[in-house]
Each structure stands twice: as structure tokens, then as C-alpha cells.
Number of protein chains: 2
Amino acid sequence: MSGAIKNTSDLPLDKILCGECVDVMRSLPTASVDCIFADPPYNLQLRGELRRPDDSVVDGVDDDWDKFSDLETYDRFTREWLSEARRLLHKDGTIWVIGSYHNIFRLGAILQDLGFWILNDIVWRKSNPMPNFRGRRFTNAHETMIWAARSQDSKYRFNYQAMKALNDDVQMRSDWYLPLCTGNERLRNEHGLKLHPTQKPESLLHRVLLASTAENDVILDPFTGTGTTAAMAKRLRRHFVGIERHPDYAKAAAERVEREEALPQDAVATTPMKREAPRVPFGSLVERNFITAGTVVYDRQRRVSATVTPDGTLVSGTQRGSIHKLGALLTNAPSCNGWTFWHFERDDTLVPLDALRSESLAADAEALTLASAEVPIAAQ
Amino acid sequence: MSGAIKNTSDLPLDKILCGECVDVMRSLPTASVDCIFADPPYNLQLRGELRRPDDSVVDGVDDDWDKFSDLETYDRFTREWLSEARRLLHKDGTIWVIGSYHNIFRLGAILQDLGFWILNDIVWRKSNPMPNFRGRRFTNAHETMIWAARSQDSKYRFNYQAMKALNDDVQMRSDWYLPLCTGNERLRNEHGLKLHPTQKPESLLHRVLLASTAENDVILDPFTGTGTTAAMAKRLRRHFVGIERHPDYAKAAAERVEREEALPQDAVATTPMKREAPRVPFGSLVERNFITAGTVVYDRQRRVSATVTPDGTLVSGTQRGSIHKLGALLTNAPSCNGWTFWHFERDDTLVPLDALRSESLAADAEALTLASAEVPIAAQ
DNA sequence: CTTTATACTGAATCTGCTT
DNA sequence: TAAGCAGATTCAGTATAAA
């Protein structure tokens with residue numbers, strides 16, 4: 001990510017490291033990763049059997065004190081790995097954690113306690129959840145992800161345009177409807193049984209990575225499991241660091257990543273963010289004669305007008321300023337995007353200045369293409 | 001509720017009590033209510049004013065009651081009222097709390113700490129949420145409710161059949177799709193402005209009470225506001241105890257309850273809900289790998305072509321857009337149905353994208369069938 | 001009366017670079 | 001570090017006005 005100080009050089013990139021999550025994290029350099037996706041143990045309390053984060057079974061003592069102590073154990077474990085996670089994230093990095101009602105409230109509260117800044121909670125609505133077969137509750141048809149920046153002032157990445165494009169050109173909402181991981185996507189053992197109980201669907205990670213990372217970014221997954229995060233990172237031409245304590249899972253994940261193919265570079269490009277497009281000063285359009293000095297420009301309703309001057313400012317009566325400033329001034333607004341506010345006449349219709357900007361960028365791209373087509377000859 | 005010892009005789013039934021929530025709760029008898037619905041302050045921590053792209057100002061929640069100096073203060077407040085809530089619930093009672101990502105993790109963790117037993121987290125998906133105006137996050141399109149029993153061994157009430165009937169005879173899921181409270185339902189002051197910034201929709205409380213209470217049950221609402229809980233309790237022939245700190249709100253809520261009519265006793269509310277028709281964004285087919293990024297697509301006559309990108313847009317030369325937009329662009333048409341316009345190669349023939357849409361819907365239906373068929377095995 | 005255009009609104013932690 | 005300023009940014013709905 002631009003500007004931020006990163007420490008990737010010492011990272012073991014694109015590997016699944018086998019070991020205890022916190023131990024391995026302690027061995028990695030500070031401020032070295034762009035994004036973290038974590039699918040920690042859920043502390044599920046099913047069939048009377050209580051499991052600690054280390055998978056050991058808690059004695060079935062059914063009193064309040066024991067439940068309390070178990071929550072404490074889970075909290076301590078959570079605070080440990082989340083503290084390390086925060087150290088590994090660089091200042092503009094973000095983290096995703098996923099959980100169910102069993103553990104997500106512990107995760108969220110501790111994230112906040114540690115200084116993470118929650119950006120969204122995302123609901124993964126399952127298209128094919130397991131029904132509630134005792135009929136004693138609502139069908140538990142979703143899981144929750146928390147997306148948080150390292151701190152309140154992080155300049156985090158959010159690929160807004162890509163998410164909007166992914167959702168038929170309306171803003172992507174906080175509720176995502178995706179199927180469970182089933183069929184061929186599900187890793188199975190030699191008996192055809194699922195290898196891992198909670199393998200996440202590739203579609204989920206695809207969207208997570210597309211939303212919050214850039215090409216070549218480094219994503220850490222402290223609970224790699226079957227390696228969905230790593231595989232999607234490779235597919236989308238990102239880098240990953242995976243940690244998995246169970247050797248069988250670590251092996252399966254590594255083999256899966258091996259099988260995964262990276263998409264061709266030109267296929268991972270998504271709709272660019274406008275902010276990242278090259279900045280075009282309006283004055284340069286006048287210089288390059290995309291619009292002539294003296295042209296009269298109007299707002300869409302032709303309520304106000306102004307004249308273009310050779311240095312790219314607009315003049316209206318005694319008032320003068322940039323396209324943005326004069327627009328704000330004439331409408332008594334605190335601010336104004338002059339590119340979309342001002343229009344000029346072309347073929348009897350009003351065209352926004354923004355069209356000229358697009359045309360100039362297209363012309364530049366065209367020129368670039370022509371130039372690079374010539375490169376092989378020139379370079380040889 | 002059957003069997004449980006209740007103490008309703010000393011309760012001030014069907015009244016809105018004006019006073020501080022915890023103070024009033026302390027004056028009520030132990031184990032006296034069947035159900036609690038609580039909509040506490042969210043502690044939103046809004047900073048500056050927010051403007052829409054048209055420069056209008058968003059009327060946010062800037063009331064003093066939503067301001068807490070820090071998380072610790074909010075936690076202390078939460079622990080206080082939840083402790084009283086637990087005392088007031090009889091042993092088989094349940095509680096609902098609603099919140100957003102700002103406070104729901106604090107609420108959930110403290111509920112668990114106090115010994116409540118979480119039954120479900122319910123996602124209220126808003127059909128018409130406020131968009132994200134700066135394009136810096138996902139549209140915050142939901143709020144979360146936690147439904148919890150007083151303790152793990154509570155014999156709580158869940159009206160399974162009523163919920164199933166309400167949902168076209170399939171189990172009610174944990175994600176509910178309901179509109180905001182607007183129009184005539186919204187209480188307004190003499191200037192026509194909203195009386196309360198966070199009035200909840202009646203449909204939400206209707207479902208909550210129908211799911212978890214019986215006729216003549218007593219429901220406590222410690223943060224009554226405009227009295228949606230009380231009004232729905234009266235409509236559904238339940239009893240309520242409301243607590244509200246602000247005299248204006250307490251008065252408005254009491255008047256609202258007065259206007260509300262109880263349904264006739266034999267009117268069993270099982271209004272069938274329409275199920276949502278699944279909309280398939282093209283991007284989701286890329287995510288789910290029904291079609292791969294990098295695939296080249298053509299019109300039927302192969303006159304134009306484009307490449308699929310990971311966010312579901314198509315790229316052709318320097319032009320990029322949704323399947324619909326790019327189809328229109330390349331054919332100079334005002335609009336275009338990209339689903340039928342674009343084709344990809346499969347077995348040497350051109351297949352329209354629409355086929356993939358059908359296939360994804362069929363796959364979802366298939367997975368649904370398999371999932372429910374597998375349940376007995378998974379349950380073992 | 002019908003249709004179309006315009007205005008308004010909702011629990012929101014809502015910018016980022018340069019000087 | 002604070003100020004200045006370029007410029008990016010909205011969906012579903014209801015209510016009212018205009019045609």
C-alpha cells in the first residue's frame with residue numbers, strides 16, 4: 001500500500017508455516033503484512049462437550065464458574081493472537097475475523113479493546129445452511145465477519161468501484177449471500193469424507209481479497225486450515241503467509257496452493273478507483289485544446305454560467321476561481337466537484353467537463369498503446 | 001410460561017414508567033417478566049457532519065443519551081442494566097437486545113459474562129438502508145439482535161410452527177429482511193420531523209413477540225423510546241412494562257399505545273411472507289467460478305469481444321463496464337441485456353451467459369436439497 | 001385522474017494530499 | 001500539525017408538485 005512503511009523483505013512469502021499460531025507470529029517482523037484473514041476456533045459448545053482453543057476437552061462440569069473460566073481461557077487466547085496480529089499489520093492494514101454467535105462477540109470486543117477500528121460487520125448469509133432439526137431455534141443461516149483497520153487513523157484500502165461492479169453497479173452491502181463450500185471444492189480424505197470441518201468457500205475469500213487488498217499485497221492467515229485464503233491469494237496474484245498447527249492440514253493446504261493457478265496479470269485488474277486515476281488539472285485540458293479559452297460553461301439547469309480562461313480558472317462576473325471553487329461559490333455550497341457540476345455545449349446538448357477528462361485519459365492510453373506496440377522493434 | 005414461578009402480581013402492567021432505566025428496574029420484583037426487548041444506546045461516536053453527494057446534511061444521531069466518554073463507561077452502563085434485566089426475568093425467560101457493530105460486541109460479551117445463554121443472533125437486513133455516501137466502506141445494511149435465554153437450562157419459549165408458517169412453511173432463518181420505519185408509521189412532531197431518531201419498525205417487534213412470547217405474557221422494554229414494543233405487545237394481546245427516561249418520549253409512547261387496538265383473540269397472526277426472488281449479479285458467477293476471469297466473451301455473431309475480469313466487469317480495449325453497459329457501448333445501443341448478448345465458448349459452441357445464471361440457481365437448489373438430506377448424518 | 005419530475009430522508013463511527 | 005483545497009460520493013422509498 002502506498003506510503004506506508006512495510007517490512008516484507010524478511011517474511012517467508014507464499015508458504016504455509018506449520019506451528020502454533022502465536023509462536024509463529026512472534027517470529028515474524030513488525031508491520032510486515034497488508035491484510036489478515038483469521039478464522040479462529042469457535043469455542044463451540046456442542047453435545048455437552050466443551051473444547052478449549054487447543055482442542056483439549058474440558059471436563060463436563062456444568063456450573064457457572066466453569067463456564068466463566070472457559071470464556072476467560074478463550075479470551076486470553078484471543079487477546080494473545082490478536083495482539084500479535086496488530087503488531088504484524090502495518091499502520092494502514094486491515095484485518096478480517098470470522099465467527100458465529102459463540103465467539104464473535106468475544107472477538108469483536110477484544111478487537112475494540114486492543115485499538116482496532118471496526119469498519120464493517122459483514123454477514124455471510126448461507127444459501128444452503130444446515131437446518132435446525134430440533135425446531136428449538138431459528139435456522140442458524142449466517143456467520144459474521146468483522147472488518148477492522150489497525151487504528152482509527154489508518155488509511156485503509158477499500159476497492160469501492162470493484163465491489164460496486166461486482167454487485168451490478170449498486171454499492172456492495174454488508175450482507176453477502178454465498179453458498180457453503182461443497183462438491184469438488186471441498187477437500188476430502190481417502191475415504192471421501194471432508195478433510196476439515198469448517199472449510200470456507202472460495203467465493204467468500206475472493207470477495208474479501210478483492211475488496212481490501214491490491215495486487216502483490218501480503219495477506220496473513222494465522223489459522224490456515226485447508227488454505228482457502230492462500231489459494232485465493234495465489235489466484236488473484238497476491239502473496240500470502242499461512243500458519244497452521246496441524247501437520248495434515250498444513251500439508252493439504254500446501255498441496256492445494258500448488259495446484260492453484262494464478263490468473264494472468266491482465267485478468268486480475270479490476271475496476272480502478274477514481275482516486276487512483278492520474279490526476280488531470282483542468283488547466284491542462286485548456287492547454288491541450290480539449291476545451292477553448294472563452295467557452296461558456298453552465299450547471300446542468302443553466303442557472304449559473306462562467307467563462308473558461310487560458311489558465312484554467314473560471315470567471316463569472318467579478319468572481320474567479322478553480323472549477324471547484326467557483327461552483328461552490330455560486331451555489332453557496334461548502335464544496336463542489338467542478339468536473340461534474342460544469343457543462344459545455346456540444347451538438348446542442350450539455351456535456352459535463354468530466355467527459356473531457358475521460359477523453360484526454362483515453363487519448364493518453366491510446367498513445368501509450370501505440371508507443372508500446374512499437375517497443376519490441378525499438379528494443380530489439 | 002408453563003411451570004415457572006412468576007411474580008407478575010406486583011408489576012405495574014401496561015404502563016410506560018418515566019425514569020432512569022436502572023433505577024426503575026430496581027423497583028420491580030424479581031423473576032416477574034417473561035421476555036425483555038432492549039434497544040439501548042449504540043454509542044455511535046459520530047464526529048463531524050456528514051453530507052450526501054447532493055450536499056444535503058444527514059440528520060444523524062447526535063443526542064446526549066448516545067454519548068459515552070469511553071468504552072469502559074459504556075461497558076459499566078451495559079453491565080448494570082443487563083444485571084437488573086437478568087434479575088427481572090424468570091428462569092425460563094428470554095431477552096432480545098439490538099445493536100450495530102458499534103456496541104453489539106460489547107452487549108454480546110457481557111450477556112455471556114453474566115450467564116445468559118445465547119440462542120441465536122438475528123440479522124435484520126434493511127431493504128432500504130442509508131447508502132455509504134463517501135464510498136469508503138460497505139453499505140451498513142443491517143443491525144444485529146441477540147436472542148438469549150436467562151441461563152443454559154432455561155425451558156424457553158420458541159413458537160417454531162408460527163415462525164415456519166410465517167415463512168411459507170420453511171424454517172425461519174436467522175436473517176430477516178424488513179424495511180425501515182418510514183411513512184405514516186413514523187411518529188412526527190408538530191413540524192413534521194421525526195420525533196425519535198431510531199424508531200424501530202413494527203414488523204420487527206411483531207416477529208420478535210410472535211416468535212418468543214405467548215398470549216398474556218409480560219414483556220419489559222427498558223428503553224421504550226416511542227413505544228414500538230409496547231404497541232405491538234398490545235396489538236398481539238401481550239402485556240408490557242415500558243421504561244423511558246425522556247418525558248416527551250414517554251408521553252408519545254403512552255399516547256401511541258392508547259391509539260393501538262388489540263387484535264381479536266381468535267386472530268392468529270400468520271401473515272404469509274413473500275420469499276425473495278434471488279437476483280444473481282454477474283460478478284457472483286465469477287467469484288463462484290462458474291466462469292473464470294480472463295475468459296473471452298463474444299456477441300452471437302462474434303462481431304465484438306471482451307474479457308471477463310475478477311470483479312465481473314468486461315474489458316474491451318480501453319473500455320470497461322458491466323456486461324450490460326459494455327454491450328450497449330460496443331453496439332452503440334442505448335441499452336443491452338448482457339445476459340443474452342454475451343456468449344462464451346463451451347464445446348466449440350457459443351453459450352449465452354444466461355445459461356450460467358440458470359446453472360448457478362440450479363446448483364443452489366441442489367445444494368439445498370443435499371444439505372437437508374445430509375442432516376441426519378451430520379447430526380450423529 | 002394519471003403520469004412524470006423533483007425533493008426529501010434514513011442508528012453513519014464516511015477523504016486525502018500538499019503546504 | 002493544522003490549514004487549504006482538489007475532488008469523489010447515494011439507494012430505496014415516500015411525499016409533493018407539475019404536467
Side-chain angles (χ1 to χ4, degrees), chain A residues 2-3 92 112 116-121 148-149 151-156 158 160-161 164 167-174 273-277 279-283 301 312 321-328 333-342 353-354 357, chain B residues 39-63 65-68 71 98-104 124 126-144 179-186 188 192-194 196-201 223 225:
Chain A
S2 63
D92 294 334
Q112 292 178 307
F116 287 100
W117 191 245
I118 298 182
L119 300 169
N120 278 113
D121 57 334
S151 66
Q152 186 172 0
D153 58 350
S154 296
K155 305 268 178 256
Y156 59 90
F158 176 53
Y160 173 76
Q161 296 294 351
K164 192 173 172 179
N167 194 38
D168 279 355
D169 274 334
V170 293
Q171 290 191 339
M172 184 70 81
R173 299 169 36 121
S174 54
M273 288 189 298
K274 292 238 176 101
R275 242 196 313 285
E276 289 181 343
R279 211 175 66 87
V280 179
F282 178 65
Q301 288 85 16
S322 71
I323 55 173
H324 314 294
K325 213 181 224 174
L326 196 68
S335 69
C336 169
N337 183 343
W339 291 110
T340 50
F341 178 77
W342 293 108
L353 296 185
D354 210 26
R357 181 166 59 164
Chain B
D39 181 12
Y42 285 13
N43 189 24
L44 283 188
Q45 308 171 65
L46 305 180
R47 287 187 289 185
E49 72 173 10
L50 176 65
R51 286 172 178 269
R52 299 188 178 81
D54 65 4
D55 268 330
S56 61
V57 177
V58 172
D59 182 15
V61 181
D62 59 352
D63 308 67
W65 50 254
D66 198 49
K67 291 186 170 61
F68 294 82
L71 282 179
I98 183 166
S100 64
Y101 65 83
H102 310 84
N103 70 326
I104 197 68
W124 167 29
K126 302 175 182 181
S127 59
N128 46 352
M130 184 154 68
N132 185 292
F133 297 119
R134 306 305 294 265
R136 293 297 293 139
R137 303 180 178 197
F138 297 95
T139 306
N140 191 6
H142 74 276
E143 292 186 28
T144 302
L180 297 175
C181 177
T182 59
N184 283 334
E185 192 185 314
R186 190 101 197 194
R188 292 174 197 284
L193 301 172
K194 60 186 174 191
H196 191 283
T198 71
Q199 185 178 340
K200 294 291 173 287
F223 307 94

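Every chain is numbered from 1, with letters handed out A, B, ... down the list of sequences. Computed over heavy atoms, backbone and side chain alike; hydrogens, waters and symmetry mates excluded.
Here A:Arg357 lies in heavy-atom contact (under 4.0 Å) with sugar-phosphate atoms only. Within the 4.0 angstrom heavy-atom criterion, no nucleotide atom of any strand lies near B:Arg51. Note on A:Pro281: nothing from the nucleic acid sits closer than 4.0 angstrom, heavy atoms only. Looking at heavy-atom distances under 4.0 Å, B:Pro201 makes no contact with the nucleic acid at all.
Using C1' as the reference atom, C:dG16 and D:dT1 are 15 Å apart when rounded to the nearest Å.
With A:Tyr160 as the aromatic partner, B:Arg134 does not meet the cation-pi criteria of under 6.0 angstrom to the ring centre and within 45 degrees of the ring axis.
Residue side chain B:Arg136 does not reach the base of D:dT9 through any donor-acceptor N/O pair under 3.5 Å, judged by distance alone. For B:Arg52 against C:dG10, a side-chain-to-base donor-acceptor contact under 3.5 Å is present. Checked by distance alone, B:Lys126 brings no side-chain donor or acceptor within 3.5 Å of a matching partner on the base of C:dA11. Not a single donor-acceptor pair, N or O on each side, falls under 3.5 Å between the base of C:dA12 and the side chain of B:Asn140.
Protein atom CG of A:Asp354 is 7 Å distant from nucleotide atom P of D:dA8, rounded to whole Å. Put simply, CD on A:Gln171 is 13 Å from P on C:dA12, counting in whole angstrom units.
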